[in-house]
Amino acid sequence: MPWESIKLNSGYYIPSIGFGTWTLGNGQGPIDQVEQALENGYNHIDTAQSYRNEGETGDALKESGLSRSDVFVTTKYSGTNGLDIPTSIRNSVNSLGLSYVDLYLVHSPRLAVPDIPTCWAQMEKVKEEGLAKSIGISNFGVQDMEILLGSAKIKPVVNQILLHPYVYRQQKPILEYAAKNEIVIEAYSALIPITKLPGGPLEKPLNEIAAKFGVTTDQVLLAWTKAKGGPLSAEDIAAIDAAGALGEKKANMKTILKRVVVGAIACTAVFGACNFLGINMM
């Protein structure tokens, strides 16, 4: 399927698939993996202050020999070490060995201190100073976006969120609000149903659709994530949606049961300690 670039509300274009460095750690490993990604055609590399591998990402970019215009680089303000946005963006571009990043995100609304409007004003200054071509957000809910847009001079270009079929229903209001306000949704951890939750309700429809098109299940899942369309029919999408909803219910039930069991064990331990020690642990 085509992975054409997508136009952002800033006028710039973002490659519609990227290589994330979240779980790569640091050292030589991420340098090698980012280099390999670049060699295999990925031209969008996503890192963050809290991933602690911006330096390694920068080394890989340098060793690739690619020109700056050939690679789209995203990094994020994560509030690491208590540093503010002006300091963090300068540290990030220096670590990456760049003069600017293509996209700079606020990693979470909880990092918007003292409040979202103040934080976003600092992000707007990052763009105005040329340290980022575009600015955006990550993990923002509908209410967070409403607060932001209430004072923003510059709209966020993207909202990077967790998105796969098992969380689609709970994330759908975010997708709808973003679409109404010309904010592109970036999905992360899109392959969790395959990589972390195999054997669930999605397994059957994914395998059937993959066999029908002669592709892999991860390609099917990425197609669903990309646009809930592409090479898939309405029936295929409906099958994935239905399986995803079923999986979400099962996952929620497992979480509830796990909490009940853990809570019961914890309470037993706490009350046992209270009785033995003769003190109030609560």
Side-chain angles (χ1 to χ4, degrees), residues 3 5-26 30-31 33-35 37-38 41-81 83-109 111-112 119-140 148 152-161 182-188:
W3 290 93
S5 293
I6 297 170
K7 189 174 184 179
L8 302 171
N9 63 42
S10 61
Y12 293 99
Y13 286 81
I14 183 172
S16 58
I17 189 167
F19 183 80
T21 65
W22 177 18
T23 61
L24 300 188
N26 47 36
I31 296 175
Q33 291 182 67
V34 171
E35 274 195 89
L38 292 167
Y42 283 91
N43 61 347
H44 178 186
I45 305 298
D46 180 290
T47 184
Q49 184 185 30
S50 63
Y51 301 170
R52 301 187 185 278
N53 54 29
E54 289 175 317
E56 286 85 348
T57 299
D59 288 342
L61 291 170
K62 183 178 179 180
E63 292 176 17
S64 73
L66 294 170
S67 66
R68 179 65 186 90
S69 61
D70 289 335
V71 185
F72 188 101
V73 180
T74 295
T75 194
K76 310 175 190 74
Y77 167 68
S78 308
T80 304
N81 298 325
L83 299 176
D84 59 15
I85 288 174
T87 304
S88 296
I89 182 59
R90 284 173 172 78
N91 287 348
S92 289
V93 294
N94 288 338
S95 294
L96 287 161
L98 305 174
S99 59
Y100 68 92
V101 293
D102 297 279
L103 179 59
Y104 193 49
L105 308 180
V106 181
H107 213 156
S108 167
L111 300 170
C119 170
W120 191 247
Q122 293 176 353
M123 291 290 289
E124 290 175 333
K125 191 169 183 180
V126 167
K127 177 174 168 58
E128 290 164 0
E129 292 179 350
L131 293 169
K133 295 290 187 183
S134 301
I135 51 176
I137 51 181
S138 180
N139 300 305
F140 273 52
L148 188 156
K153 296 177 182 177
I154 302 172
K155 278 187 178 182
V157 296
V158 306
N159 186 8
Q160 189 180 98
I161 63 171
E182 299 180 312
I183 299 171
V184 170
I185 288 293
E186 275 194 287
Y188 67 79

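Only a predicted model underlies this, so the values are computations on that prediction, with no experimental measurement involved.
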Notebook entry, point to check: Can you name the one residue among N26, T21, T47, T75 that meets side chain to side chain donor-acceptor pair (under 3.5 Å) with E54?
Noted result: T75
Note to self: Is it the case that the side chain of Q122 and the backbone of P86 share a donor-acceptor pair, with hydrogens and angles ignored and the cut-off at 3.5 Å?
What the structure shows: no
Next item on the list: On the 0 to 90° scale, with breaks at 30° and 60°, tag the W22-Y51 ring pair as parallel, tilted or perpendicular.
Entry: parallel
Next item on the list: Flag the pair I185 / I161 as yes when at least one side-chain heavy-atom distance between them is below 4.5 Å, and no otherwise.
Entry: yes
Checklist line | All salt bridge (charged side-chain N to carboxylate O under 4.0 Å, His left out) counterparts of D46, not counting sequence neighbours | finding: K76
Next item on the list: Output yes when a side-chain donor or acceptor of K127 lies under 3.5 Å from a complementary backbone atom of K133, and no otherwise.
Entry: yes
Next item on the list: Could you tell me which non-hydrogen atom of F140 sits nearest to which non-hydrogen atom of P109, and how far apart they are?
Entry: CE1-N, 3.4 Å
Next item on the list: Could you tell me the separation between the NZ atom of K7 and the CD1 atom of I14, rounded to the nearest 0.5 Å?
Entry: 14.5 Å
Check: Between Y77 (side chain) and L83 (backbone), is there a donor-acceptor pair under 3.5 Å?
Finding: yes
Notebook entry, point to check: Under the salt bridge (charged side-chain N to carboxylate O under 4.0 Å, His left out) test, which residues partner E182, sequence neighbours left out?
Noted result: K155
Next item on the list: With rounding to the nearest 0.5 Å, note down the distance linking CG in N43 to CG in L66.
Entry: 9.0 Å
Check: Is D102 salt-bridged to R68, going by a charged N under 4.0 Å from an acidic O?
Finding: yes
Margin query: To check you understand the geometry: which heavy-atom pair defines the closest contact between H44 and I17, and what is its length?
Written below: CB-O, 3.6 Å
Item checked: Approximate separation, where rounding is to 0.5 Å, of I31 CD1 and S64 OG -> 12.5 Å
Item checked: S138 versus L105, closest heavy-atom pair with distance -> CB-CD1, 4.4 Å
Item checked: C119/I85 under side chain to side chain contact (heavy atoms under 4.5 Å, CB included): CA gap, chis, key distance, verdict -> CA-CA 8 Å; C119 170; I85 288 174; 3.7 Å; yes
Note to self: Pair F19, T57 - check side chain to side chain contact (heavy atoms under 4.5 Å, CB included), show working.
What the structure shows: CA-CA 11 Å; F19 183 80; T57 299; over 6 Å; no
Next item on the list: Find the distance between CG (L96) and NZ (K62) and round it off to the nearest 0.5 Å.
Entry: 13.0 Å
Notebook entry, point to check: Quick one: are Y104 and S88 in side-chain contact, heavy atoms under 4.5 Å?
Noted result: yes
Margin query: Let me confirm one number: the CD1-CG distance from I154 to N9, rounded to the nearest 0.5 Å.
Written below: 10.0 Å
Check: What are the two closest non-hydrogen atoms of P156 and I183, and how far apart are they?
Finding: O-CG1, 3.5 Å
Checklist line | Smallest separation among heavy atoms of P15 and S5, with atom names | finding: CA-OG, 3.9 Å
Check: Can you tell me if S16 uses its side chain to pair, donor with acceptor, with the backbone of I6 under 3.5 Å?
Finding: no
Notebook entry, point to check: So, the side chain of N53 versus the backbone of E56: is there a donor-acceptor pair under 3.5 Å, distance only?
Noted result: no
Next item on the list: Given side chain to side chain contact (heavy atoms under 4.5 Å, CB included), test W120 with I137 step by step and report yes or no.
Entry: CA-CA 9 Å; W120 191 247; I137 51 181; 3.8 Å; yes
Next item on the list: Grab the two heavy atoms, one from G79 and one from Q49, that are nearest each other, plus how far apart they are.
Entry: N-OE1, 3.0 Å
Check: Atom CG of N91 and atom OG1 of T80: how far apart are they, to the nearest 0.5 Å?
Finding: 10.0 Å
Notebook entry, point to check: Taking E124 for the side chain and K153 for the main chain, is one N or O donor matched with an acceptor at less than 3.5 Å?
Noted result: yes
Checklist line | Residues I89, E129; criterion side chain to side chain contact (heavy atoms under 4.5 Å, CB included); working and verdict | finding: CA-CA 11 Å; I89 182 59; E129 292 179 350; over 6 Å; no
